[in-house]
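Here the structure comes first, spelled out in structure tokens, and everything after it is commentary.
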Protein chains: 2
Amino acid sequence: MSITREKIIELGEDLIRTKGYNAFSYQDISSELGIKNAAIHYYFPSKENLGTSIVKTNIQRFEEMAENMKSRGFDEWHQLETFIKIYTKSHREQKRCIVGSLGPDINSLSENTVAELRRISELILKWLTATLTSGREKGLFAFNEEPQIKALLILSSLVASLQLARLIDKIEYKSFCNAILEDLRM
Amino acid sequence: MSITREKIIELGEDLIRTKGYNAFSYQDISSELGIKNAAIHYYFPSKENLGTSIVKTNIQRFEEMAENMKSRGFDEWHQLETFIKIYTKSHREQKRCIVGSLGPDINSLSENTVAELRRISELILKWLTATLTSGREKGLFAFNEEPQIKALLILSSLVASLQLARLIDKIEYKSFCNAILEDLRM
DNA sequence: AAATATACTTACTAATAAGTAAGTTTGCAA
DNA sequence: TTGCAAACTTACTTATTAGTAAGTATATTT
């Protein structure tokens, strides 16, 4: 795999998560990487193409993380904790998550990109639902809602909190994330 | 006040909430209203200007709603229920809320627009925190978290759920909103 | 050594964007 | 009736955008 290609994907993701999809251009990437505009088109013929590839990369990354936690034998509490760390890291880096960044733009994104965005959203929600279900069965979590509803509550809290935290300074992000976990304690 | 001006604001808000700030243009508005591009510039010299005015309109609307509920003597439960109805309505109309729409774009918005966006976010969070605090004091709500944390949990859930609901069809939005309320029941 | 594929650059096109300056119509006031 | 302000339109500029076609240097294969 090409290093340039990887750098484009990495920088493109950063730009989506800081500026937003419709606010970044191929120029932003090319000038940063010291290459020409057309070089990006060489790897990603269209912006839609790049957007889709970036979401696909995120899907792969999430799948690898979930796989990794499973194979290492993390219990459900530990898995959820690790998942939430993705968001505290994003918060530290002043970035939003890919779903929260692209979500508001679905009416101006291509079909392919939206399809991948749906895939990752469903994937995460499914994983979270499954984790909550088995965690509750094992007596690790306590909650009254349907697992799917609870998963959606947690996920949407995390997604939007990254946005709100950038708008309201006085938010203590760590205690916010802690509250999500503590709410599940037996 | 001019009718055209009001129509521009209304349509502009719709466009922000469906396509996103950086995806809509003055052309989208002018063609829809049957006027020329420059007519919009007559009322709003710059796009930044229009954006800021739209957020200001939202602030006014929220303040009027809060005022109205107070003067009508709604109890805290009823107030929260009414507040959540804003989101079920948005969901029905396939729109996101203004905070969730503009939030991801703060790095490509003007200072003035960001300032107003901060104002409305803080306003809503403050109102929600106060409502939760007095509601719990009166024995209408039950929750263990700090009111501000709980307010942020609820608000971020609502904001992002509008995005996620557009991505994942199988979400039952009403039961999701219900879960938020039920979670607070004594 | 010749041919070919990779990884680009140069140089451009066409479309669309925000924004502006100057002119026009319409209603109202002096 | 003239003057003036409000509410636009016409016609334009400038900047930026995604995207492309054709060329070039370098490395690799045949």
Side-chain angles (χ1 to χ4, degrees), chain A residues 1-16 18-56 101-102 104-114 116-117, chain B residues 1-55 57 101-102 104-114 116:
Chain A
M1 261 260 245
S2 160
I3 290 173
T4 304
R5 198 192 128 97
E6 276 173 26
K7 276 186 185 167
I8 294 169
I9 289 230
E10 197 183 319
L11 196 56
E13 184 185 321
D14 275 4
L15 287 163
I16 288 175
T18 49
K19 296 180 75 174
Y21 181 82
N22 289 301
F24 93 89
S25 72
Y26 273 26
Q27 243 74 22
D28 291 330
I29 295 176
S30 59
S31 63
E32 176 76 28
L33 295 186
I35 55 176
K36 296 294 157 179
N37 213 338
I40 309 174
H41 282 284
Y42 170 72
Y43 290 103
F44 305 98
S46 69
K47 199 181 176 186
E48 149 189 358
N49 213 294
L50 175 57
T52 308
S53 297
I54 289 169
V55 182
K56 275 184 176 162
S101 303
L102 291 177
D105 295 325
I106 47 168
N107 287 324
S108 63
L109 293 173
S110 79
E111 272 184 41
N112 286 328
T113 310
V114 173
E116 292 304 314
L117 196 58
Chain B
M1 263 260 242
S2 159
I3 290 173
T4 304
R5 200 193 128 95
E6 278 173 24
K7 277 186 184 168
I8 294 168
I9 290 228
E10 197 184 319
L11 196 56
E13 184 185 321
D14 275 5
L15 286 164
I16 288 174
R17 293 172 62 195
T18 48
K19 295 180 73 173
Y21 181 81
N22 290 303
F24 92 88
S25 72
Y26 273 27
Q27 244 75 21
D28 291 329
I29 295 177
S30 59
S31 63
E32 176 78 27
L33 295 185
I35 56 177
K36 295 294 155 180
N37 213 339
I40 308 175
H41 282 284
Y42 171 73
Y43 290 102
F44 304 97
S46 68
K47 199 182 176 185
E48 149 190 357
N49 213 294
L50 174 58
T52 308
S53 297
I54 288 169
V55 182
T57 305
S101 303
L102 291 178
D105 296 326
I106 49 169
N107 287 325
S108 62
L109 293 173
S110 79
E111 273 186 40
N112 286 328
T113 310
V114 173
E116 292 304 314

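Chain identifiers are assigned alphabetically (A, B, ...) following the order of the sequence lines, protein sequences preceding nucleic acid strands; residue numbering begins at 1 within each chain.
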**OP:** Using the test side-chain contact (heavy atoms from CB on, under 4.5 Å), find all partners of A:Ala39 that sit at least two apart in sequence or belong to another chain.
**Re:** A:Ile35
Original post:
Considering residues at least two apart in sequence or located in another chain, which fulfil the side-chain contact (heavy atoms from CB on, under 4.5 Å) criterion with B:Asn22?
Top reply: A:Asn22, A:Ala23, B:Asp105, B:Ser108
Original post:
Counting only heavy atoms not in B:Glu10, do more than 12 sit closer than 6.0 Å to its CD atom?
Top reply: no
**OP:** Five pairs at each end of the helix from C:dA1-D:dT30 to C:dA30-D:dT1: take the axis at both ends and give me the angle between them to 10°.
**Re:** 10°
**OP:** Please list, by residue number, the residues of residues 45-53 of chain B whose heavy atoms come closer than 4.0 Å to an atom of DNA chain D; answer none if no residue qualifies.
**Re:** none
**OP:** Give, ordered by number, those residues of residues 20-33 of chain A having at least one heavy-atom distance below 4.0 Å to an atom of DNA chain D; if nothing qualifies, reply none.
**Re:** A:Phe24, A:Ser25, A:Tyr26
**OP:** Sequence neighbours left out, what pairs pass salt bridge (charged side-chain N to carboxylate O under 4.0 Å, His left out) with at least one residue falling in residues 16-44 of chain B?
**Re:** B:Glu13-B:Arg17, B:Lys19-B:Asp28
Heavy-atom closest contact ([X] atom, [Y] atom, distance):
X        : Y        : value
A:Leu109 : A:Leu102 : CD1-O, 3.8 Å
A:Val114 : A:Ile106 : CG2-O, 3.7 Å
A:Ser101 : A:Ile16  : CB-O, 3.6 Å

Subject >> Under the side-chain hydrogen bond (donor to acceptor under 3.5 Å, both in side chains) test, residues paired with B:Asn37 that sit two or more places apart >> reply: B:Gln27
Subject >> Residue list, side-chain hydrogen bond (donor to acceptor under 3.5 Å, both in side chains) with A:Thr52, at least two apart or on another chain >> reply: A:Thr113
If you look only at distance, which donor and acceptor atoms sit under 3.5 Å apart when one is on a side chain in residues 43-50 of chain B and the other is two or more places apart or in another chain?
from    : atom 1 : to       : atom 2 : distance (Å)
B:Tyr43 : OH     : B:Ser2   : OG     : 3.0
B:Ser46 : OG     : B:Asn49  : N      : 3.2
B:Lys47 : NZ     : B:Tyr21  : O      : 2.8
B:Lys47 : NZ     : B:Phe24  : O      : 2.7
B:Glu48 : OE2    : B:Asn112 : ND2    : 3.2

**OP:** Report the distance from atom CG of A:Asn107 to atom CG of B:Leu15, rounding to the nearest 0.5 Å.
**Re:** 10.5 Å
Original post:
In Å, rounded to the nearest 0.5 Å, how long is the span from OG1 of A:Thr4 to CD1 of A:Ile29?
Top reply: 12.0 Å
**OP:** Measure the distance from NE2 on B:His41 to P on C:dT20 and round it to the nearest whole Å.
**Re:** 8 Å
Original post:
If the sugar-phosphate is the primed atoms plus P, OP1 and OP2 and the base is the rest, what is the B/S/- string for nucleotides 5-11 of chain C, using protein heavy atoms under 4.0 Å?
Top reply: -SBBBB-
